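Working notes, beginning with the structure itself.
Since the model is a prediction, treat every value here as computed from it, not as a measurement. Per chain, numbering begins at 1; letters A, B, ... match sequence-line order. Computation of the quantities below employed the complete heavy-atom set of this structure, encompassing side-chain atoms and omitting hydrogens, waters and symmetry-equivalent molecules.
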Number of protein chains: 2
Amino acid sequence: MTDITNRRKILDFYRSHYRMPSYAEIMDITGLRSKDSVFKLVGRLSRDGYLRKDRRGRILPTSVLGEIKILGLVEAGIPSVAEEESIDTIALDEYLIKDRDSSYLLRVKGDSMKDAGIVEGDLVIAERADNAKEGEIVIAEVDGGWTMKYLRMKKGQPYLEPANEAYEPIYPTDSFAISAVVRGVVRKYT
Amino acid sequence: MTDITNRRKILDFYRSHYRMPSYAEIMDITGLRSKDSVFKLVGRLSRDGYLRKDRRGRILPTSVLGEIKILGLVEAGIPSVAEEESIDTIALDEYLIKDRDSSYLLRVKGDSMKDAGIVEGDLVIAERADNAKEGEIVIAEVDGGWTMKYLRMKKGQPYLEPANEAYEPIYPTDSFAISAVVRGVVRKYT
DNA sequence: TTGTCTGGCGAACGTTCGTTCGCTATACTT
DNA sequence: AAGTATAGCGAACGAACGTTCGCCAGACAA
């Protein structure tokens, strides 16, 4: 059993238990029969940067739950080379969400934003805000209903523009209030 | 200081330290001066479902680092009601990535998949696989180059179809191998 | 006013923690 | 063959852990 294999088992424990295992638990996980073996294993993993220890000796993951490799570019137009070297790793949650308390997800219905790459069934990450810059995609309440559109300006007045030629821009007549700004889009294929 | 405020402090600790605080650390965080106060606080939070304890009394978060609220539907076509009631919360990482070790991200270049809602700059989540079902979006090596397209079949032979009328389908002549299946798409507006 | 309930306090308890020690077996070098 | 380094073992250690206890002050109801 290699150290790396054991490290994977430890991280699997972290993912399923939301905490790192104790040395006694690592004994169960790895099959080692003494805490000193675990102590030395942890020492090796820690020396090589695969784990950390806090001030009290308890172990911590170096990379966060949820990190994923970024491998490279894929040329969606003309085939190009995607090298098999990992460029970087990121945590999707941290990448997408800046302020967790003021952010929420909305599931998209309809196709009025399809030319912006937002289609039915997508999740959009909305961050609460009562104003936005021109050109941003906003969630807004207009004339009594909620909608998601590009925010545009004409003669100093805001209006909402869909990303689909089949729909017309919305010029608020009665009321208009921005509720949130769309910060990201997430789609999952099942 | 309300219990909920203290719970937020505890979860903030978890987010920044990748582990839950000990009772002594909760004393520092909250300003409480006895471990029994913490013990009772934890008891209340646990009773109300805001925390869990494991077998040994150590506390765990009920909701994972990175969970975010799903608020409702947004009708992208015609404005409809998006109620302000939180329907559910999910962790984006877990939502998007099934098998972390065989998954990676690729940044999209080009516009050949724009009608599928995948545009330049998007990150796609690719899961390594050497075969796929018809209709899935795949990363494939064809005639010496890499590309991302819909997998289609004609007369038992696979070919690749873009989601953009400006591009032509690719019929492999020399070599063809599926490298990965696209499981999700992530876009961030900056 | 009196009784009851709750949250917080300081002190003490037994358990589990990470760590260290002496030892053995194996692998590799000289 | 002899010497060195490494991984693993069982046992023991002090420190930190969650828990429990008796007590007190404030809030609220009877």
Side-chain angles (χ1 to χ4, degrees), chain A residues 1-67 91 101, chain B residues 1-67 89 91 100-101:
Chain A
M1 202 62 65
T2 70
D3 285 359
I4 301 301
T5 307
N6 283 330
R7 182 216 181 201
R8 173 170 307 184
K9 291 178 180 177
I10 292 172
L11 289 185
D12 283 343
F13 186 101
Y14 183 73
R15 285 172 189 158
S16 57
H17 291 75
Y18 305 120
R19 63 172 174 84
M20 289 299 257
S22 70
Y23 282 30
E25 287 166 332
I26 297 178
M27 287 172 60
D28 294 338
I29 291 173
T30 59
L32 292 171
R33 269 166 298 171
S34 82
K35 284 211 274 183
D36 188 57
S37 303
V38 174
F39 182 76
K40 287 172 179 165
L41 168 68
V42 169
R44 271 172 269 139
L45 291 174
S46 177
R47 163 173 52 84
D48 297 340
Y50 294 123
L51 292 177
R52 287 178 296 151
K53 289 196 198 188
D54 66 11
R55 167 181 45 87
R56 303 164 317 181
R58 279 158 165 78
I59 59 175
L60 295 175
T62 47
S63 59
V64 189
L65 170 75
E67 296 227 330
D101 290 323
Chain B
M1 202 63 65
T2 69
D3 285 358
I4 301 301
T5 307
N6 284 328
R7 183 216 181 198
R8 172 169 306 183
K9 291 178 180 176
I10 293 172
L11 289 184
D12 284 344
F13 186 102
Y14 183 73
R15 286 174 187 157
S16 56
H17 291 76
Y18 304 120
R19 64 172 174 85
M20 288 300 254
S22 70
Y23 281 30
E25 286 167 332
I26 297 179
M27 286 172 61
D28 293 337
I29 291 173
T30 58
L32 292 170
R33 269 167 297 170
S34 81
K35 284 211 272 184
D36 188 58
S37 303
V38 175
F39 182 77
K40 287 173 179 164
L41 168 68
V42 168
R44 270 172 268 138
L45 291 174
S46 177
R47 164 173 51 85
D48 298 339
Y50 295 125
L51 293 176
R52 287 178 296 151
K53 290 196 196 185
D54 67 10
R55 170 180 44 87
R56 303 164 318 182
R58 281 158 163 80
I59 60 175
L60 294 175
T62 47
S63 58
V64 190
L65 169 75
E67 297 227 330
T89 76
R100 201 170 301 281
D101 290 322

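- Within the 4.0 Å cut-off from OP1 or OP2 of D:dG8, at least one side-chain nitrogen or oxygen of A:Arg44 is found.
- In this structure, the side chains of B:Leu60 and A:His17 stay at 4.5 Å or more apart for every pair of heavy atoms.
- When rounded to the nearest whole Å, the span between CE of B:Met20 and C1' of D:dG18 equals 15 Å.
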With B for base contact, S for sugar-phosphate-only contact and - for none (protein heavy atoms under 4.0 Å), nucleotides 19-25 of chain C reads BBB----
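- To the nearest angstrom, P of C:dT16 lies 14 Å from CE of A:Met27.
- What separates CG of A:Leu51 from P of C:dG18 is a distance of 12 Å, to the nearest Å.
- When rounded to the nearest whole Å, the span between CD1 of B:Ile59 and C1' of D:dT19 equals 14 Å.
- With values rounded to the nearest 0.5 angstrom, B:Lys53 atom NZ is found 11.5 Å from B:Met20 atom CE.
- One finds no side-chain N or O of A:Ser22 lying less than 4.0 angstrom from the OP1 or OP2 phosphate oxygen of C:dT16.
- Positionally, the nearest nucleotide of DNA chain C for B:Arg33 lies more toward the 5' end than for the other of B:Arg33 and A:Pro21.
- In this view, A:Arg56 and A:Asp54, B:Glu25 satisfy the salt bridge (Lys or Arg N to Asp or Glu O under 4.0 Å) rule, not counting sequence neighbours.
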From CA spacing to verdict: salt bridge (charged side-chain N to carboxylate O under 4.0 Å, His left out), A:Lys40, A:Asp36 | CA-CA 6 Å; A:Lys40 287 172 179 165; A:Asp36 188 57; 3.1 Å; yes
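- For B:Arg44, the salt bridge (Lys or Arg N to Asp or Glu O under 4.0 Å) partners at least two apart in sequence or on another chain are B:Asp3.
- Residue A:Ser37 has a polar side-chain atom (N or O) positioned under 4.0 Å from OP1 or OP2 of D:dC9.
- Taking for each of B:Leu32 and A:Glu25 the nucleotide of DNA chain C with the nearest heavy atom, the 5'-most of the two is the partner of B:Leu32.
- Counting any heavy atom pair closer than 4.0 Å across all strands shown, A:Arg55 reaches no nucleic acid atom.
- To the nearest angstrom, P of D:dA16 lies 17 Å from CD1 of B:Ile26.
- Note that CD1 of B:Ile26 is 9.0 Å distant from CG of B:Leu32, once rounded to the nearest 0.5 Å.
- Atom CG of A:Asp54 is separated from atom P of D:dA15 by 17 Å (rounded to the nearest Å).
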